[in-house]
Protein chains: 2
Amino acid sequence: MQRTTTIIDYSLQEEKIARYAKALSHPIRIRILQFLDRQSCCFTGDFTEEIPMAQSTISQHLKELKEAGLIQGDVMPPRIKYCINQAAWAEAKKYFNEFFQ
Amino acid sequence: MQRTTTIIDYSLQEEKIARYAKALSHPIRIRILQFLDRQSCCFTGDFTEEIPMAQSTISQHLKELKEAGLIQGDVMPPRIKYCINQAAWAEAKKYFNEFFQ
DNA sequence: ATAGTTCATCGCAAATTTACGATGAAGCAA
DNA sequence: TTGCTTCATCGTAAATTTGCGATGAACTAT
């Protein structure tokens, strides 16, 4: 990326919106979130049945959503139960609403 | 990316949200859009004064926003006047509202 | 102990994104 | 014509994203 000079202080709002938007920037992740929203909670296996992609790829998208804070995973051996993180979801909603007026 | 097997039909909604989200996934582009929203319209030079990045980099981000449809550029030699594309903006707003309920 | 299930993570490859400086097109002014 | 301004685009480099198969960790059941 050849980052030579630029250092920019982004506002919290700029950072937050960009971060959440990045998490939403792939159609598979939109599908995962909407699926989660309907089911309330899912195991990884539910997604691999629903979405025709390699299990490892889906796991990677779940990780991206988790790192953005939008979902959380609770260990229930041998499975992992994913739910939407309602607090983060509400925050994202607030920031996007505000952004679009 | 080694795309060997997977072909997924995304819904229009999935595609639209992901596409707009991608455009919003960089804090500089958030800043550009908010700046545009306040000023109603700007020339490229206004951004280069406001944002401490190379002119070519800013131009590239404007291009990304233009390709997503969120802004439009009108040639006013020797400058280019950028405005928010209100129709696309309204559409993005609608999709995000819908997505967040 | 062995075998099966569920899932994250690793290693790799290709594509895309991000950033820069340099260049050049388009137009204006002298 | 020559020179100036404004801006997109090109070329390049580094980082990140996306996707896969393979592996292995963690747990359950036999």
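Numbered from 1 within each chain, the chains take letters A, B, ... in sequence-line order.
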Could you go through nucleotides 24-30 of chain C and list every protein N or O atom that sits under 3.5 Å from one of its N or O atoms, giving the distance for each pair?
none

Residue mapping more 5' on DNA chain D - nearest nucleotide basis, A/S56 or A/S25: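 Counting from the 5' end, the first nearest nucleotide belongs to A/S25.
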5′-ward residue of the pair B/G45/A/H61 relative to DNA chain D: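 So the residue in question is B/G45.
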N/O donor-acceptor pair, side chain B/Q60 with base D/dA8, under 3.5 angstrom: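 Under the 3.5 Å cut-off, the side chain and the base do not form any donor-acceptor pair.
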Salt bridge (charged side-chain N to carboxylate O under 4.0 Å, His left out) contacts touching residues 81-99 of chain A (sequence neighbours left out):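 Qualifying pairs, neighbours excluded: A/K16-A/E91.
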Short side-chain N/O contact to D/dC20 OP1/OP2 from A/T57, under 4.0 Å: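 Yes, because at least one side-chain N or O of A/T57 sits under 4.0 Å from OP1 or OP2 of D/dC20.
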Would you kindly give the [atom1]-to-[atom2] distance between [X] and [N], to the nearest whole Å?
X	N	atom1	atom2	answer
B/I28	C/dC20	CD1	C1'	13 Å
B/I51	D/dC7	CD1	P	13 Å
B/Q55	C/dA22	CD	P	13 Å
B/M53	D/dC7	CE	P	18 Å
A/I80	D/dA25	CD1	P	15 Å
A/R79	C/dA8	CZ	P	13 Å
A/D74	D/dC27	CG	P	15 Å
B/K81	D/dA8	NZ	P	15 Å

Under 4.0 angstrom, heavy atoms only, what part of the nucleic acid is [X] near: base, sugar-phosphate, or nothing?
X	result
B/E64	nothing
B/T44	sugar-phosphate
A/K22	sugar-phosphate

Whether over 12 other heavy atoms sit under 6.0 Å from A/D74 CG: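 Yes, because the 6.0 Å sphere around CG of A/D74 holds more than 12 heavy atoms from other groups.
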Interatomic spacing from CG in B/L24 to CG in B/L33 - rounded to 0.5 Å: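 Nearest 0.5 Å value for the CG-CG distance: 6.5 Å.
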A/E49 side, atom CD; A/Q55 side, atom CD - distance, nearest 0.5 Å: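 Here the interatomic distance stands at 12.5 Å.
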Note: A/R19-A/E64 ion pair, threshold 4.0 Å (strictly below):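 Yes, this pair counts.
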Flag, side chain of A/E14 to backbone of A/S11, donor-acceptor distance under 3.5 Å: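 Flag set: sc A/E14 to bb A/S11 pair under 3.5 Å.
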Sole residue of B/F100, B/W89, B/F99 in ring-ring contact (aromatic ring centres under 6.0 Å, His included) with A/F100: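 Filter result, single survivor: B/W89.
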Candidate nucleotides D/dT18, C/dA19, C/dC20, ranked by approach to the side chain of B/H26 - the nearest: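 Nucleotide nearest to B/H26's side chain: C/dA19.
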